[in-house]
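To keep things clear, I will list the structure first and then write my remarks on it.
Counting convention: from 1, in listed order, for ligands and their atoms alike.
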Amino acid sequence: MAGDLPGIVVAGASGRMGRMLLQVLSEEPNLRIAGALERPGHDWIGSDAGEAMGGAPLGVTVTDDPLEAMASAQGVIDFTAPAATIEMADLAAQARAVHVIGTTGLSAEDIARIDAAARHAVIVRAGNMSLGVNLLVQLAKQAAASLEGWDVEIVEAHHHHKVDAPSGTALMLGEAAAEGRGQDLEKVYRAARDGITGPREAGTIGFSAIRAGDIVGEHDVILAGQGERVVLRHVATDRAIFARGAVRAALWGQSQGPGHYSMADVLGL
Ligand SMILES: NC(=O)C1=CN([C@@H]2O[C@H](COP(=O)(O)OP(=O)(O)OC[C@H]3O[C@@H](n4cnc5c(N)ncnc54)[C@H](OP(=O)(O)O)[C@@H]3O)[C@@H](O)[C@H]2O)C=CC1
Ligand SMILES: O=C(O)C1=N[C@H](C(=O)O)C[C@H](O)C1
């Protein structure tokens, strides 16, 4: 019976990822949609989430009250913005609901707050929930470790609505490459270059971001040596890959103890 399935709340229901999550969850046989959250004053509040999207009713009324939304939920999937995610981490921990966080642009302070909430609840957080990117992260670590002395550059491209740079995925890839080389990313991180920069500093990891049109998300890890280079690339063409990963994480989290997990944990990578 649907009522016996773990119930999931979609935070930021009207967003690009919120809509995709409602669609993917409505087709998921092992979970049910328990709630849909939006900000106070949003014009979806009080409407059926499916109808608000222009589709068939889902039987879930959009609310601005997280406690009401979580009353009968075992999980929250949250692709919103840092301020909303931090608030949600405390509320989900109080409700003992699995919190799946896709939000990017989180500061070190935000992550410390999430770590604190994860002492009491299951939190799965990843800058990218797709299977392909999480595999690419492993490959980037291995390549950076093997190609000693080669320059590493990360180039990412996203749609013109994206507010944070570099992307969460680019940072995951940079962290993996740095880890492969036994480096601390904070020390070797170099942001996009501009003006008279001088020659490239050996051992650094450079980041460049393109923002244009409706690009879903593209990431290249360029490893360049003398006379050759390796380019590891992931191209996302459909946001459903992120939503499917998040749904898988919400399901996986139902049988875990408290902790701050990654998508690599969920996928067993
Ligand atoms: N980890 C992954 O795999 C992926 C991560 N992302 C990340 O997910 C996040 C959302 O992306 P996207 O769906 O494209 O963005 P959108 O702007 O389309 O959606 C964000 C939603 O969150 C809501 N929201 C924002 N701030 C608050 C707040 N303080 N309180 C309540 N609701 C809030 C927005 O409401 P309103 O419109 O009223 O502001 C909106 O409905 C980004 O950080 C993005 O980088 C995206 C794709 C994949
Ligand atoms: O904002 C997006 O759209 C995306 N954000 C994530 C990121 O910052 O890497 C994941 C994906 O690339 C889409």
Side-chain angles (χ1 to χ4, degrees), residues 9-24 35-45 47 49 52-53 62-66 69 76-91 99-107 110-111 114 123-134 136-137 154-176 207 209-221 233-250 261-264 266-267:
V9 171
V10 176
S14 76
R16 279 173 289 277
M17 281 306 300
R19 292 167 191 247
M20 187 53 79
L21 283 157
L22 287 170
Q23 193 182 317
V24 168
L37 260 174
E38 258 307 337
R39 272 185 214 273
H42 194 282
D43 59 8
W44 279 28
I45 306 293
S47 307
M53 282 201 294
V62 183
T63 174
D64 59 7
D65 180 350
V76 182
I77 303 184
D78 172 359
F79 288 68
T80 57
T85 292
I86 293 314
E87 204 180 309
M88 187 57 69
D90 289 338
L91 295 171
H99 189 188
V100 177
I101 302 176
T103 307
T104 58
L106 296 162
S107 66
D110 294 335
I111 292 169
I114 293 170
I123 298 183
V124 181
R125 182 178 65 86
N128 195 306
M129 300 270 172
S130 75
L131 176 59
V133 158
N134 283 280
L136 191 74
V137 165
I154 296 169
V155 183
E156 54 104 336
H158 284 88
H159 53 94
H160 58 211
H161 299 289
K162 186 160 179 65
V163 295
D164 56 312
S167 68
T169 311
L171 292 170
M172 284 168 74
L173 292 164
E175 269 156 23
F207 290 80
I210 293 161
R211 296 287 174 267
D214 62 355
I215 301 170
V216 174
E218 302 186 4
H219 293 86
D220 279 4
V221 181
R233 168 171 297 171
H234 182 269
V235 178
T237 54
D238 186 344
R239 285 187 178 84
I241 61 172
F242 312 127
R244 284 198 295 264
V247 166
R248 185 165 171 175
Y261 299 96
S262 70
M263 247 348 247
V266 175
L267 298 169

Can you tell me if [X] has a non-hydrogen atom under 4.0 Å from ligand 1?
{"X": "H161", "answer": "no"}
{"X": "S14", "answer": "yes"}
{"X": "R239", "answer": "no"}
{"X": "G168", "answer": "no"}

Among protein heavy atoms, which sits nearest to [atom], and what does the distance come to when rounded to 0.1 Å?
{"atom": "atom 12 (O) of ligand 2", "answer": "H158 NE2, 2.6 Å"}
{"atom": "atom 19 (O) of ligand 1", "answer": "G15 CA, 3.3 Å"}
{"atom": "atom 32 (N) of ligand 1", "answer": "R39 CG, 3.7 Å"}
{"atom": "atom 1 (O) of ligand 2", "answer": "K162 NZ, 2.9 Å"}
{"atom": "atom 5 (C) of ligand 1", "answer": "G102 O, 3.0 Å"}

Exercise. Measuring to protein heavy atoms, does anything land under 4.0 Å from atom 17 (O) of ligand 1?
Worked result: yes

Exercise. Rounded to the nearest 0.5 Å, how far apart are CE of M172 and CG of L136?
Worked result: 9.5 Å

Using a 4.0 Å heavy-atom cut-off, which part of [X] comes near ligand 2: side chain, backbone, both, or neither?
{"X": "H219", "result": "side chain"}
{"X": "H159", "result": "side chain"}
{"X": "T169", "result": "both"}

For this session: Consider ligand 2: state whether an atom of it lies below 4.0 angstrom from any non-hydrogen atom of V163.
Result: no

For this session: Determine whether the side chain, the backbone, both or neither of A13 has a heavy atom under 4.0 Å from any heavy atom of ligand 1.
Result: neither

Exercise. So, are R211 and E156 salt-bridged, with charged N and O less than 4.0 Å apart?
Worked result: yes

For this session: Compare A126, G127, A209 and give the one whose heavy atom is closest to atom 10 (C) of ligand 2.
Result: G127

